[in-house]
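Note that the coordinates shown come from a computational prediction; the quantities given were computed from them, not determined experimentally. Chain identifiers are assigned alphabetically (A, B, ...) following the order of the sequence lines, protein sequences preceding nucleic acid strands; residue numbering begins at 1 within each chain.
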2 protein chains.
Amino acid sequence: MMSSKARGPGAKSAQPSETSLDLRALQRTPGFMLRLAQLKFFEGFYEEFAALGLTPATYAIFAIIRDNPGVPPSSLASVLRLRLPNLIKILNELQSSGFIKRNRSKADRRAVELMLTPKGAKLIQDGARLTEPYNRKMLAPLSESEQRMLLELLNRMLPF
Amino acid sequence: MMSSKARGPGAKSAQPSETSLDLRALQRTPGFMLRLAQLKFFEGFYEEFAALGLTPATYAIFAIIRDNPGVPPSSLASVLRLRLPNLIKILNELQSSGFIKRNRSKADRRAVELMLTPKGAKLIQDGARLTEPYNRKMLAPLSESEQRMLLELLNRMLPF
DNA sequence: TATTGTTATACTCTATAACTATA
DNA sequence: TATAGTTATAGAGTATAACAATA
C-alpha cells in the first residue's frame with residue numbers, strides 16, 4: 001500500500017518529507033517547486049506581518065508608492081500583475097483607512113496620482129524593519145551566496 | 001509625475017520594463033520575485049497544456065498517482081499543499097471523467113487507494129511529452145547550468 | 001473615438017465546520 | 001474516542017463587462 005519506489009543510487013538529496021512518496025518528477029519541475037516556495041514565503045509573511053496588518057499585496061503597493069510617489073493605479077496594477085478593478089478595491093480600503101491619498105493630475109484630469117499619507121509612510125517603514133529578519137528566516141536553508149544567487153536567477157527570469 | 005529615480009551607478013541589470021518605475025526594493029524581495037516567477041510558469045502552463053485540459057494542479061495529481069499507485073487522498077493533499085476537501089472535489093471530477101479510480105483498502109476500510117485508469121495514464125503520458133519543451137521555454141533566459149542551479153536552490157529551500 | 005479610473009458582478013481557489021464510516 | 005474521507009458552505013482572490021469623466 002502506498003508503494004514507495006526506492007531512490008536511485010545516485011540520489012543524494014535531502015530527507016524524505018513526512019510520507020515516503022516518490023516525488024522526484026515534481027522535484028524536477030520548476031513550476032511546481034516555485035509554487036511551493038512561494039507558498040512558504042506567503043505563509044511566513046502572514047505570520048510575520050500580521051501584527052501590522054500588512055499582506056504581501058499591500059506591502060508591495062506601499063513600497064511602490066513610497067519609491068514612486070504619484071504613480072497611477074494602472075502602472076501599479078501592471079507591475080503587481082493585478083487587474084485594475086481588483087487593485088482599485090484594495091486602494092479604496094487603504095484610502096478609507098487613511099494610508100494613501102489620491103490626487104487628480106492637473107495635466108490630465110483623468111489620471112490619478114497615488115501618494116502615501118504620513119500614516120501610510122509610517123506603516124511601510126515599520127514593515128521594512130521586519131523585512132530583513134523575515135527574509136533571513138525564509139532563506140535559512142541557503143548560504144549567503146546561494147541566497148544572492150537565487151535572487152539573481154529569479155530577476156533574470158523576469159522582464160525587469 | 002511618476003517620478004523615476006535614476007538607477008544607481010552600480011546597477012547593471014536588465015531592461016527597465018514597460019514603465020520606468022523604481023522597483024529595486026521589490027527586486028530585492030525574494031517572496032515578490034517568487035510570486036512573479038510562479039505566475040509566469042502558471043500562465044505559460046495554461047497556454048501550453050490547455051489542449052489537453054490539464055491544469056498545474058491536475059498535472060501534479062496525475063504525476064503523483066502515476067509514481068505512487070494506491071496513494072491515499074490525505075497524502076496527496078499534504079504533498080500538494082491542498083486542503084483535503086478541495087482536493088476531494090478535484091478527485092471527484094477526475095473520477096467522473098474516467099481518469100482515476102478509487103479502491104477501498106482491504107486492510108483499513110476507511111482508507112482510499114487512488115489509481116490511474118488507462119485513460120488517465122494516457123493523459124499524463126501525453127502531458128509529460130509537453131513538459132520538457134515547456135520548461136525550456138519558461139527557463140529560456142537562463143543557461144543550462146543556471147537552470148540546474150535554480151532547481152537545486154528551490155529544492156534545498158523546501159522540506160523534501 | 002480612445003483612455004483612465006471605477007463599479008458591479010461572476011468565477012475560481014482556498015478555508016472551516018460538520019457529517020459518515022470505519023477503527 | 002480518533003481517523004480517513006466526504007459534503008456543504010463561506011471567504012478570498014481573480015476575471016470580465018459596462019459605465020463616467022476626460023482627452
Between [atom2] of [N] and [atom1] of [X], the distance in whole Å:
X       : N      : atom1 : atom2 : value
A:Phe45 : D:dG13 : CZ    : P     : 13 Å
B:Leu87 : D:dT6  : CG    : P     : 9 Å
B:Ile61 : C:dC13 : CD1   : C1'   : 13 Å
A:Tyr46 : C:dA15 : OH    : C1'   : 13 Å
A:Leu94 : C:dG5  : CG    : P     : 16 Å
B:Phe42 : C:dT14 : CZ    : C1'   : 14 Å
B:Ile88 : C:dA18 : CD1   : C1'   : 15 Å
B:Asn86 : D:dT9  : CG    : P     : 15 Å

Give a yes or no on whether the backbone of [Y] and the side-chain of [X] come within a donor-acceptor separation of less than 3.5 Å.
X        : Y        : result
A:Thr29  : A:Phe32  : no
B:Arg104 : B:Arg109 : yes
A:Glu48  : A:Leu130 : no

Point to revise | Listed nucleotide nearest any side-chain atom of B:Leu84, set D:dT6, D:dA4, C:dT6 | key: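 It is D:dT6.
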Practice item. Kindly point out which of D:dG5, C:dA23, D:dA23 is positioned nearest to the side chain of A:Arg110? Key: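 Selected nucleotide (nearest to the side chain): D:dA23.
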Exercise for review: For B:Arg102, answer base if it contacts any base atom (sugar-phosphate contacts may also be present), sugar-phosphate if it contacts only those atoms, and nothing otherwise; contact means non-hydrogen atoms under 4.0 Å.
Suggested key: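 If one applies the 4.0 Å heavy-atom cut-off, B:Arg102 turns out to touch the sugar-phosphate alone, with no base involved.
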Exercise for review: Give the ring-plane orientation class for A:Tyr46 versus A:Phe42, where under 30° counts as parallel, over 60° as perpendicular and anything between as tilted.
Suggested key: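 Ring orientation of A:Tyr46 relative to A:Phe42: perpendicular.
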[X] vs [N]: side-chain N/O to OP1/OP2 distance below 4.0 Å:
X        : N      : result
B:Ser74  : D:dG5  : yes
A:Arg83  : D:dT14 : no
B:Arg104 : C:dT22 : no
A:Arg109 : C:dT4  : no
A:Asn92  : C:dT7  : yes

Check your understanding: Starting at the 5' end of DNA chain D, which residue's closest nucleotide do you reach first, A:Pro85 or A:Lys106?
Key ->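 Counting from the 5' end, the first nearest nucleotide belongs to A:Pro85.
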Exercise for review: Select from A:Leu82 and A:Asp108 the residue whose nearest nucleotide in DNA chain D is closer to the 5' end of that strand.
Suggested key: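 Closer to the 5' end of DNA chain D: A:Leu82.
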Review point. Between A:Pro73 and B:Lys89, which has a closest nucleotide on DNA chain C that is more 5'?
Key: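 Its nucleotide being nearer the 5' end, the pick is A:Pro73.
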Point to revise | B:Asn135 vs A:Pro30 side-chain heavy atoms within contact, under 4.5 Å | key: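 B:Asn135 reaches A:Pro30 side chain to side chain.
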